[in-house]
Novice: 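Quick one: structure below, then a few questions.
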Amino acid sequence: MNPAVREIADRVASEFSLPAEKIHSLITSPPEDVMGDYSLPCFILAKELKRSPQELASQIAKTLSGGIIAKAVAAGPYVNIVIDRPQLFSFILSAILNEGSLYGGAKKRDETVVIDFSSPNIARPFSIAHLRSTALGNSLKKIYQHLGYRVIGVNHLGDWGVQFGTLISAYTRWGDDEKIKQDSIYELYRLYVKFNDESERDPSLKDEARGWLKRLEERDPEAFRLWEWFVEISLNAFQRYYKILGVEFEVIQGESAYRDLTAPLIEELTRNKIAEESDGALIIRLNKPGEKEEIPPLILKTRDGTTVYATRDICAARSHWDQYHFAKKLYVVDAGQSLHFKQLFMALAKMGHEWSERLFHVPFGVMLFEDERMSTRKGRIVFLEEVLNRSMEMTRSIIESIEKMSNLSSDEKESVIPDVGVSAIIYADLSRSRIHDINFRWSEVLNFNGKSGPYIQYTHARMAGVLRKYEENVPKSPDFAKLGEPSEIALAKRLEIFPAKVQQAADEYEPFVIAEYLGNLAITINQFYDNCRVLGEEPALEEARIALVYCAKLVLKRGLELLGMRAPERM
RNA sequence: GCGCCCGUAGCUCAACCGGAAGAGCAACGGCCUUCUAAGCCGUCGGUUGCAGGUUCGAGUCCUGCCGGGCGUACCA
């Protein structure tokens, strides 16, 4: 708890005999730094005390000075408060110096969060659209870990269902083993697209695909052999992407892992009358009788007798609950599936699972490509691999064009290129709130100026450079009274709010909160860097500024890690 | 038709669950013999889609419109 805010609240509370907590919750920051460090709007207090806000503000301002509060002035209905500089720096920076990389986090707790993310469909290369769930989920994982939770990252692969009928069907018609061995996943993808294309002219192909799914569910050896082969090819390709992205999972279990649980589930739900037959399909009704709102029922089994993903999702949720007794389970899946998750959660509640309240859909908007909707089936997509490659090419050309700072050894250069190139793509994705659709544009993604991934990393590398050249240990308790430049104050205050941002990101399932914070932090750091020289200043000032640089670098690095990005020491 | 989401500067987006509208990009103009110029400084840019309502106060909450996206029983 910030001691300055606490003191402001306590003093105002005792002055007017009001609860300190209430005052505390009202304190905010003024719109501009020059106005002060904290601000107390007096509207609500004025109403309670039946006085005018302006008059009250000026009275509070008069009584507030002294001690940790250097100055308090009324600005109309607001009281703007300036904190004693040395104490302000001391409580912010000491906290960071003491807590180190735990700053903004929390101690280990005995609670588990399960995060279902990435979950791509087998037999299709990663497109840039798959990156959204992957980057969001991976970041949420790091954020919850930082807050002390045990986190289970689950990759619920789309490795079952009618799409496999489609693929097997396409393979038996046009498959070429040699091509598949050479170009593996891309060849499978071409088969898939060709099938969808052909089936628009000849709808009977779709029946054929459903037939293959049926055979697969009934363990037809030929169908099963092909399925296993396609899964293997796909997993190999996915592991390559995950390695580049630095993403790891505790559990990689696709829908197929639950295929043996669907029959007992259906038997159970039929027996206890949760499920009922309708139009030849087996469904769970979700509308209460007489209720007006029409929620479509959840389909457990189709007329063809095959299961659908909802069936397997029920099994997966129950299985995870049995294993982990999670505090929360998050499904990081696009907003187009909101209804599916609403149905899933309602169905589980109807089955009597009170833990269904711990399930949360974390939706995000769709990814457009240069203003157009992407379509896997129509072949209009951008592959993640291409995006990463072009990003790394861009990084390489920038590094090579800037000779004077290329103090990088060739080994360093080769490791910096993926560090920067990959993180640039991740940041481009996480730097907007998840619910908006993202329009992917090359010109924006490959712009490394301004608030971008490379900009933040660059700022980090600059801080690292200063510390490297300092050559001595970072002082634990420098003379904070030496600090006081506007850009120093702005930086310290920015560092102060990091823990609140981490908590907000976790509460809202929104890594963007941290992404935006880091962008703003980097701007603040660069302004400081431009205004304040560190090395070579008189020793006490140099020490104090080194401590500030150390704290800035530490928070930047931690923040980058929480987004799943790298923090190279040089670039 | 019904449901959910979105609408803020030319573009991409913020605004701490009702409190003082703000960044980046693009454009133009400055700053490298000093810790990394992937940088910094400055200029330009707004009737927050429209109309009402609640409130001392609304980009934010309520109602109705307009525009866009997604979904709407056997795909995932």
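In what follows, every chain begins at residue 1, and chains take the letters A, B, ... in the order their sequences are listed. Here the structure is a predicted model, which is why all the values come from computation and not from measurement. Scope of the values below: all heavy atoms of this structure, side chains included, with no hydrogens, waters or symmetry mates.
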Novice: Judged by each residue's nearest nucleotide on RNA chain B, which is more toward the 5′ side, T306(A) or E508(A)?
Specialist: E508(A)
Novice: Using a heavy-atom cut-off of 4.0 Å across all strands, would you classify Y455(A) as base, sugar-phosphate, or nothing?
Specialist: sugar-phosphate
Novice: Within the 4.0 Å heavy-atom criterion, would you say Y529(A) contacts the bases, only the backbone, or no part of the nucleic acid?
Specialist: base
Novice: Can you measure L45(A) atom CG to C56(B) atom C1' for me and round it to whole angstrom units?
Specialist: 14 Å
Novice: Does U72(B) have a Watson-Crick or wobble partner in any strand here, with both distances under 3.5 angstrom, and which is it?
Specialist: G1(B)
Novice: Please state the P separation for the pair C61(B) and C70(B) - nearest whole angstrom.
Specialist: 24 Å
Novice: Does the separation of the ring centres of Y331(A) and F341(A) fall below 6.0 angstrom?
Specialist: yes
Novice: Within the structure, does a side-chain N or O atom of H156(A) lie under 4.0 Å from either OP1 or OP2 of A76(B)?
Specialist: no
Novice: Expressed as a whole number of angstroms, how long is the span from I456(A):CD1 to G39(B):P?
Specialist: 12 Å
Novice: Return whichever of M394(A) or P31(A) has its heavy-atom-nearest nucleotide of RNA chain B closer to the 5' end.
Specialist: P31(A)
Novice: Taking U60(B) as the reference, what is the distance to G18(B) when you measure between their P atoms (whole Å, please)?
Specialist: 12 Å
Novice: Can you classify the ring geometry of F440(A) versus F369(A) as parallel (below 30°), tilted (30 to 60°) or perpendicular (above 60°)?
Specialist: tilted
Novice: Take nucleotides 23-29 of chain B nucleotide by nucleotide from the 5' end and write B, S or -, depending on whether a protein heavy atom sits under 4.0 Å from the base, only from the sugar-phosphate, or from neither.
Specialist: SSS----
Novice: Can you find a side chain N or O atom of Y458(A) that sits less than 4.0 Å from OP1 or OP2 on A38(B)?
Specialist: yes
Novice: Report the nucleotide, chosen from C16(B), A76(B), C40(B), that has the shortest atom-to-atom distance to any side-chain atom of T28(A).
Specialist: C16(B)
Novice: By the definition side-chain contact (heavy atoms from CB on, under 4.5 Å), identify the one residue from K206(A), K214(A), R210(A) that meets it with V162(A).
Specialist: R210(A)
Novice: Give none if C35(B) has no partner; otherwise give the nucleotide forming a Watson-Crick or G-U wobble pair with it, both distances under 3.5 Å.
Specialist: none
Novice: Using a heavy-atom cut-off of under 4.0 Å over every strand shown, decide if Q504(A) touches base, sugar-phosphate, or nothing.
Specialist: nothing
Novice: Considering every strand and a 4.0 Å limit on heavy-atom distances, what is the contact class for A335(A): base, sugar-phosphate, or nothing?
Specialist: nothing
Novice: So which nucleotide does C13(B) pair with, by the Watson-Crick or G-U wobble rule with both distances under 3.5 Å?
Specialist: G22(B)
Novice: I want to know whether F43(A) and Y78(A) have ring centres closer than 6.0 Å.
Specialist: yes
Novice: Report the distance from atom CD1 of I438(A) to atom CG of D429(A), rounding to the nearest 0.5 Å.
Specialist: 4.5 Å
Novice: Using a 4.0 Å heavy-atom cut-off across all strands, classify R468(A) as base, sugar-phosphate, or nothing.
Specialist: nothing
Novice: Picking from C16(B), C6(B), A37(B), which would you name as closest to the side chain of R462(A)?
Specialist: A37(B)
Novice: Counting only Watson-Crick or G-U wobble pairs whose two distances fall under 3.5 Å, which nucleotide matches C28(B)?
Specialist: G42(B)
Novice: Counting distance alone, no hydrogens or angles: does the base of A20(B) have a donor or acceptor under 3.5 Å from a partner atom on the side chain of N80(A)?
Specialist: yes
Novice: So if I take every side-chain heavy atom of F43(A) and compare against A76(B), G19(B), C35(B), which nucleotide ends up nearest?
Specialist: G19(B)
Novice: I need the CG-C1' distance between D437(A) and C4(B), as an integer number of Å.
Specialist: 13 Å
Novice: Provide, to the nearest angstrom, the distance between the CG atom belonging to L430(A) and the P atom belonging to C13(B).
Specialist: 15 Å
Novice: Syn if the chi torsion is within 90° of 0, anti otherwise; quick check, which is C40(B)?
Specialist: anti
Novice: What's the CG-C1' distance between L446(A) and U12(B), to the nearest Å?
Specialist: 15 Å
Novice: Classify P30(A) by what it touches in the nucleic acid, base, sugar-phosphate, or nothing, heavy-atom distance under 4.0 Å.
Specialist: base
Novice: For F512(A) and C16(B), give me the distance from atom CZ to atom C1', rounded to whole Å.
Specialist: 12 Å
Novice: Side chain of R432(A): nearest nucleotide among C13(B), A73(B), A20(B)?
Specialist: C13(B)
Novice: Of the candidate nucleotides A20(B), C75(B), C40(B), which contains the atom at the shortest distance from the side chain of V162(A)?
Specialist: C75(B)
Novice: Within the 4.0 Å heavy-atom criterion, would you say E32(A) contacts the bases, only the backbone, or no part of the nucleic acid?
Specialist: nothing
Novice: Picking from C35(B), A38(B), C41(B), which would you name as closest to the side chain of R533(A)?
Specialist: C35(B)
Novice: From C-beta outward on L339(A), which listed nucleotide comes closest to its side chain: A38(B), G71(B), A73(B)?
Specialist: G71(B)
Novice: Which distance, rounded to the nearest 0.5 Å, do you find between the OG of S133(A) and the CG of D116(A)?
Specialist: 7.5 Å
Novice: How would you label the contact of R312(A) with the nucleic acid (heavy atoms, under 4.0 Å): base, sugar-phosphate, or nothing?
Specialist: sugar-phosphate
Novice: I185(A) and S234(A): which non-hydrogen atoms are nearest, and at how many Å?
Specialist: CD1-CA, 3.9 Å
Novice: Please report the distance separating the P of G46(B) from the corresponding atom of C11(B), rounded so that it comes out in whole Å.
Specialist: 12 Å
Novice: With sugar-phosphate meaning primed atoms plus P, OP1 and OP2, does D279(A) contact a base, only sugar-phosphate, or nothing at under 4.0 Å between heavy atoms?
Specialist: base
Novice: What's the separation between atom CG in L188(A) and atom OH in Y192(A), rounded to the nearest 0.5 Å?
Specialist: 12.0 Å
Novice: Which part of the nucleic acid, if any, lies within contact of S278(A), taking any heavy atom under 4.0 Å across all strands shown: a base, the sugar-phosphate backbone alone, or nothing?
Specialist: base
Novice: From C-beta outward on Y78(A), which listed nucleotide comes closest to its side chain: A76(B), C13(B), A20(B)?
Specialist: A20(B)
Novice: Whole angstrom is fine here: how far is it from CG in D313(A) over to P in A76(B)?
Specialist: 10 Å
Novice: Is I44(A) touching bases, backbone alone, or none of the nucleic acid, heavy atoms closer than 4.0 Å?
Specialist: base
Novice: Of the candidate nucleotides C5(B), A14(B), C35(B), which contains the atom at the shortest distance from the side chain of I435(A)?
Specialist: C5(B)
Novice: Suppose we define a pair by two distances each less than 3.5 Å, Watson-Crick or G-U wobble; what does C65(B) pair with here?
Specialist: G49(B)
Novice: Tell me, with the steps shown, if Q503(A) and D507(A) meet side chain to side chain donor-acceptor pair (under 3.5 Å).
Specialist: CA-CA 6 Å; Q503(A) 190 59 52; D507(A) 292 344; 3.0 Å; yes
Novice: Of all the heavy-atom pairs spanning I425(A) and L131(A), show the shortest one and how long it is.
Specialist: CG2-CD2, 3.4 Å
Novice: Determine the contact category for V534(A): base if any of its heavy atoms lies under 4.0 Å from a base atom, sugar-phosphate if only primed atoms, P, OP1 or OP2 are that close, otherwise nothing.
Specialist: base
Novice: Under 3.5 Å, is there an N or O donor on one side and an acceptor on the other linking the side chain of S39(A) and the base of A20(B)?
Specialist: yes
Novice: Figure out the CD/P separation between E543(A) and C35(B), and round it to whole Å.
Specialist: 22 Å
Novice: Evaluate K22(A) against E48(A) for salt bridge (Lys or Arg N to Asp or Glu O under 4.0 Å), listing each step before the verdict.
Specialist: CA-CA 12 Å; K22(A) 176 160 192 156; E48(A) 282 193 15; 2.5 Å; yes
Novice: Between A38(B) and Q457(A), is there an OP1 or OP2 to side-chain N/O distance shorter than 4.0 Å?
Specialist: no
Novice: Could you go step by step and tell me if K501(A) and E516(A) meet the salt bridge (Lys or Arg N to Asp or Glu O under 4.0 Å) rule?
Specialist: CA-CA 10 Å; K501(A) 293 292 178 182; E516(A) 198 204 26; 5.5 Å; no
Novice: Classify C532(A) by what it touches in the nucleic acid, base, sugar-phosphate, or nothing, heavy-atom distance under 4.0 Å.
Specialist: base
